[in-house]
Enquirer: 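Dropping a structure here in structure tokens format, bear with me for questions.
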Amino acid sequence: MTATLIDGKAISASIREQIQSEVERLIGQGVRPGLAVVLVGEDPGSKVYVGSKERSCKELGIYSEVHRLPASASQEELLALVDRLNRQDNIHGILVQLPLPGHMNEKAVIDAIAVEKDVDGFHPINVGNLMIGDDSLLPCTPAGVIEMIKRTGVDIAGKHAVVIGRSNIVGKPVSMLLQRENATVTMCHSKTANMRELTRQADILVVAIGRAKFVDRSYVKPGAVVIDVGMNRLENGKLAGDVDFEDVKEISGPITPVPGGVGPMTIVMLMQNTLIAAKRAHGIE
Ligand code: NAP
């Protein structure tokens, strides 16, 4: 039996439509949501990401600015730019594309972004708010994972969710959000003993480790929902997830492909965060 595909492109397209009509409503009230993206250096992957963020803004009617600094820029220059954007009224969201060049202190830069404009959800105050269940700007990829599961019609409450990976940008926040949705959550990482025994108990398995096709069917309970966050570039140039999709789809429940799964959700959640930040800045419900 072959599993149902969770189509990230289709799900993100329907969220985009909702965002677009919300943006139009805000513009009608004199507020145009604005996103500033800062790119330091020439990292090819980062350039592609920044380009697609810019395009998405344009498509949805969100104002955008891209600030490009050379790799040789100093930390002070970058902090001065962030400070300016923090005070710029037409900018509601600020995203500094990571990774930054080695001589820069990423943590200091993230800390400098105004909490209410932190549309990546990486500022320690937003992370803390997520932890205590307060209203925060949620990190985009984890928020996208939850949205996908919900829009697939899966009721998360009461399910056993297993997350492989405990990074600050994916594994930890995904685990926290699943728990917030009333799943019982197990977190696995590189030091986890007998990982298969745990993952085989998962009703929902989220994989974010950065190892191409690592998870085969031996890790998966038949019928489980499988969300593959991994994005790994193979030697032949193709993109592969952390899950061996062809193998796992034979026994799993709904499963995300790579590409076309979690990837398209991340950018649409960034657009959503920009919209939320703009509404909050102007007291619009
Ligand atoms: P990361 O910071 O490198 O973290 C990887 C995590 O996986 C770590 O917690 C590590 O455990 C764990 N891990 C590594 N090998 C393992 C193994 N063999 N068994 C169990 N756990 C293992 O990576 P990340 O930033 O979370 O990214 C993970 C993947 O998601 C990457 O492929 C990345 O490209 C992708 N990603 C995709 C998107 C998107 O938009 N779709 C966004 C972000 C990331 P330890 O903590 O013990 O080292």
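Hydrogens, waters and symmetry mates play no part in the numbers below; they use all other heavy atoms, side chains included. Counting starts at 1 for both ligands and their atoms, following the listed order. Along the sequence shown, residues carry numbers from 1.
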Enquirer: Under a 4.0 Å heavy-atom limit, does Asn168 contact ligand 1 with its side chain, its backbone, both, or neither?
Expert: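 Looking at Asn168 and ligand 1, no heavy atom falls under 4.0 Å.
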
Enquirer: Does the structure place the NZ or CZ of Arg196 under 6.0 Å from the centre of the six-membered ring of Tyr219, at an angle of no more than 45° from the ring's axis?
Expert: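 Yes - Arg196 lies over the ring of Tyr219, closer than 6.0 Å to its centre and within 45° of its axis.
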
Enquirer: If you measure from each non-hydrogen atom of Val229 to ligand 1, which part falls under 4.0 Å: side chain, backbone, both or neither?
Expert: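 Both backbone and side chain.
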
Enquirer: Does even one non-hydrogen atom of Ala208 get within less than 4.0 Å of ligand 1?
Expert: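 Contact present.
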
Enquirer: When you measure from atom 9 (O) of ligand 1 to each heavy atom in Met265, Arg211, Met187, Arg166, which option holds the nearest one?
Expert: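 Among Met265, Arg211, Met187, Arg166, the closest heavy atom to atom 9 (O) of ligand 1 belongs to Arg166.
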
Enquirer: I need the atoms of ligand 1 closer than 4.0 Å to a non-hydrogen atom of Ile164, numbered in the order shown.
Expert: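 With Ile164 as reference, the close atoms of ligand 1 come out as 20 (C), 21 (N).
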
Enquirer: Could you check whether any heavy atom of Thr141 sits closer than 4.0 Å to an atom of ligand 1, since that is the contact criterion I want to use?
Expert: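 Thr141 counts as a contact of ligand 1 under the 4.0 Å cut-off.
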
Enquirer: Are any of the heavy atoms in Met195 under 4.0 Å away from ligand 1?
Expert: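 Met195: in contact with ligand 1 (<4.0 Å).
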
Enquirer: Which of the atoms in ligand 1, numbered in the order shown and given with their element, are less than 4.0 Å from a heavy-atom of Phe214?
Expert: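 Listed by number with element, the hits are 18 (N).
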
Enquirer: Counting only heavy atoms, tell me which of Ser190, Pro259, Cys140 gets closest to atom 11 (O) of ligand 1.
Expert: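 Nearest heavy atom to atom 11 (O) of ligand 1 lies in Ser190.
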
Enquirer: Are any side-chain N or O atoms of Asn232 and backbone N or O atoms of Ala240, one a donor and one an acceptor, separated by less than 3.5 Å?
Expert: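 Side chain of Asn232 to backbone of Ala240, a donor-acceptor pair under 3.5 Å: yes, one is there.
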
Enquirer: Pro33 pairs by side chain to side chain contact (heavy atoms under 4.5 Å, CB included) with which of Leu275, Asn90, Leu60?
Expert: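 Answer after filtering Leu275, Asn90, Leu60: Leu275.
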
Enquirer: Mind running salt bridge (charged side-chain N to carboxylate O under 4.0 Å, His left out) on Lys150 and Glu181 for me, showing each step along the way?
Expert: CA-CA 10 Å; Lys150 285 186 174 171; Glu181 297 293 333; 3.1 Å; yes

